[in-house]
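Notes follow the structure.
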Amino acid sequence: MTTVTTMKADTRSIPSPDELIARARAMIPALKARAVRGAEECMIPAETVAEMQDAGLFRVLQPRRWGGYEMRPEVFYEILATLAQGDMSSAWIYGVIAVHPWQLATFDDKAAQEVWGEDDSVLIASSYMPTGRLTPCEGGYRLTGRWGYSGGSDHCQWTFLAGVPEGPEGPDFNNAMIILVPRTDYMLVDTWDTAGLRGTGSKDLVIEDKFVPHHRAVSRINTFQRTLPGREVNSSPLYGLPYGQVFSRAVSTASIGALQAMINLVTETAKTRVSIHGVAAKSDPVLTQALAEAQNEIDMLMLVMRRNCDVLWGYAERDEDPPMELRTQYRFQASLPPERASIMAARLFKAVGGAAVYNKNGYGQILADINTGRQHAANQFELFARNWGAEMTGIPNNDTFL
């Protein structure tokens with residue numbers, strides 16, 4: 001038996017979910033204050049990431065045997081939505097970085113030893129664009145490629161990437177893999193110049209012919225089937241959840257918090273604003289109706305998230321695969337928040353009137369952030385709606401990102 005060296009967390013030092021959410025809420029004023037700087041520099045300030053680490057936020061899904069809290073995923077999503085009330089870019093990089101301890105726990109434990117063996121606070125970035133090419137070699141693979149949209153990569157020492165084996169007839173996308181690569185093996189290229197989510201600094205990564213050992217590669221088919229090597233040592237139901245169900249909300253939930261930030265802004269504006277026609281904003285039925293419907297949308301989206309997490313946890317506790325129709329339904333519901341948030345935020349933006357157009361008031365940045373997040377490949381709700389509907393009619397599912 002292989003001896004595994006780990007850093008164990010003292011269970012008495014693990015904060016409660018409520019405490020972690022409260023810590024995230026306490027960061028909102030600082031995130032608001034730094035939002036313009038992050039957008040201007042196209043990178044979240046290092047002190048923001050340090051404060052998230054000090055608050056233990058990156059440890060929510062990390063195994064306890066590696067210093068983490070091993071909590072249920074809804075805690076992670078609640079924190080994510082809370083941070084987005086301060087700045088969606090900061091929340092976005094939290095989402096795409098803090099989900100990776102969960103993913104690393106599903107890999108061969110040798111990979112975790114490489115990443116966390118000396119420091120269990122090391123952070124991991126990612127890009128899952130299937131643009132990397134893998135060539136089998138002795139002991140592993142040779143990897144070459146260029147990937148885009150790697151949010152928060154400046155703050156990370158490792159990254160997960162999608163790699164596609166080269167077959168006799170070209171790239172074999174059916175056997176795509178997720179690859180773990182150290183910072184020394186890739187170069188960051190600053191291509192990030194966008195209307196929204198500027199602070200995420202979602203740069204390109206470039207790799208030229210680097211070796212990847214077998215223990216740092218996992219098949220996408222295995223993530224779909226939940227047949228993952230890390231589960232031999234990380235036995236919590238957390239690590240038996242389907243990959244697509246966990247990751248997808250890491251890039252959709254920030255929009256819910258950003259919509260709440262827009263609601264909060266509009267509510268404050270309405271208390272004192274009077275139009276040039278002498279009408280108080282709080283008496284405007286268009287504005288008040290938009291506020292009510294937007295707040296109700298958040299309530300529905302969060303209720304569905306919590307319900308779905310609870311049902312999926314039950315399957316994981318029993319080590320059962322959720323039924324395919326349930327997986328397609330939940331995948332669609334995970335992709336829907338950015339679309340609904342973009343619609344509601346646009347209504348609020350218009351209802352506020354001229355005050356919304358000034359950058360100093362923040363409405364435009366929130367709307368741009370939500371719309372940019374809506375464009376992520378994992379948030380294309382139409383695709384997942386069609387897949388769920390097809391499953392309902394008896395057409396077999398062929399999507400492994402569930």
Aromatic ring centroids of [X] and [Y] under 6.0 Å?
X: H214; Y: Y141; answer: yes
X: Y149; Y: Y128; answer: no
X: Y363; Y: Y358; answer: no
X: H215; Y: F107; answer: no

Closest non-hydrogen atom pair, [X] against [Y]:
X: V164; Y: A176; result: CG2-CB, 4.3 Å
X: V99; Y: L61; result: CA-CD1, 4.2 Å
X: P237; Y: W313; result: CB-CZ2, 3.8 Å
X: I256; Y: P337; result: CG1-CB, 3.8 Å
X: A345; Y: L259; result: N-CD1, 3.8 Å
X: W116; Y: V122; result: NE1-O, 3.3 Å

Calculate, to the nearest 0.5 Å, the distance between atoms [atom1] and [atom2] belonging to [X] and [Y] respectively.
X: Q85; Y: I263; atom1: CD; atom2: CD1; answer: 9.0 Å
X: Y186; Y: S150; atom1: OH; atom2: OG; answer: 6.5 Å
X: S90; Y: E51; atom1: OG; atom2: CD; answer: 10.0 Å
X: L303; Y: I298; atom1: CG; atom2: CD1; answer: 11.5 Å
X: N387; Y: Q329; atom1: CG; atom2: CD; answer: 12.5 Å
X: R216; Y: I179; atom1: CZ; atom2: CD1; answer: 9.5 Å

Has the side chain of [X] got a donor or acceptor atom that lies under 3.5 Å from a matching backbone atom of [Y]?
X: T400; Y: F224; answer: no
X: D108; Y: P229; answer: no
X: Q62; Y: P101; answer: no
X: E391; Y: T328; answer: no
X: R142; Y: T135; answer: no
X: W147; Y: L161; answer: no
X: R220; Y: M177; answer: no
X: W192; Y: L197; answer: yes

Assess the side chains of D299 and N296: does a donor N or O sit below 3.5 Å from an acceptor N or O?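 N296 and D299 do not have a side-chain donor-acceptor pair below 3.5 Å.
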Is a donor from one side chain sitting under 3.5 angstrom from an acceptor on the other, for N379 and S252? no
Does some side-chain heavy atom of [Y] sit less than 4.5 Å from a side-chain heavy atom of [X]?
X: Y94; Y: S89; result: no
X: I178; Y: Q103; result: yes
X: C156; Y: I124; result: no
X: V115; Y: L104; result: yes
X: T48; Y: R34; result: yes
X: L301; Y: T253; result: no
X: V246; Y: Y77; result: yes
X: D204; Y: L188; result: no

Can a salt bridge be assigned to the pair [X] and [Y] using a cut-off of 4.0 Å between side-chain N and carboxylate O?
X: R23; Y: E19; value: yes
X: R340; Y: E297; value: yes
X: E47; Y: R37; value: yes
X: D321; Y: R226; value: yes
X: E166; Y: R133; value: yes
X: R231; Y: D319; value: yes
X: E78; Y: R306; value: yes
X: R65; Y: D109; value: yes
X: R331; Y: D399; value: no

Go through it in stages, so that I can follow the logic: the residues are D119 and S121, the test is side chain to side chain donor-acceptor pair (under 3.5 Å), and I'd like the CA-CA distance, side-chain angles, deciding distance and then a yes or no. CA-CA 5 Å; D119 180 1; S121 69; 2.6 Å; yes
So Q260 and N264, side chain to side chain donor-acceptor pair (under 3.5 Å) or not? Walk me through it. CA-CA 6 Å; Q260 184 65 64; N264 295 344; 3.0 Å; yes
Has [X] got more than 12 heavy atoms of other residues, nucleotides or ligands less than 6.0 Å from its [atom1]?
X: R307; atom1: CZ; answer: yes
X: E382; atom1: CD; answer: yes
X: D209; atom1: CG; answer: yes

Identify whether NZ of Lys or CZ of Arg in R347 sits under 6.0 Å from the centre of the six-membered ring of F349 and within 45° of that ring's axis.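 Checked: cation-pi criterion not met.
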Check whether F76 forms a cation-pi arrangement with R249 (NZ or CZ under 6.0 Å from the six-membered ring centre, at most 45° off the ring normal). no
Would you please test L326 and Y315 for side-chain contact (heavy atoms from CB on, under 4.5 Å) and show each step? CA-CA 11 Å; L326 191 74; Y315 281 101; 3.6 Å; yes
Matching residue for P338 among R374, H376, Q375 - test: side-chain contact (heavy atoms from CB on, under 4.5 Å): R374
Does the pair E114 and L180 meet the rule for a side-chain contact (heavy atoms from CB on, under 4.5 Å), with working shown? CA-CA 10 Å; E114 287 184 85; L180 177 65; over 6 Å; no
Kindly determine whether L20 and Y69 satisfy side-chain contact (heavy atoms from CB on, under 4.5 Å), including the steps that lead there. CA-CA 11 Å; L20 288 168; Y69 305 154; 3.8 Å; yes
side-chain contact (heavy atoms from CB on, under 4.5 Å) evaluation trace for Q333 with N308: CA-CA 9 Å; Q333 290 173 332; N308 291 6; 2.9 Å; yes
So among D193, D87, D369, which one has a salt bridge (Lys or Arg N to Asp or Glu O under 4.0 Å) with R198?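 With R198 as partner, salt bridge (Lys or Arg N to Asp or Glu O under 4.0 Å) holds for just one option, D193.
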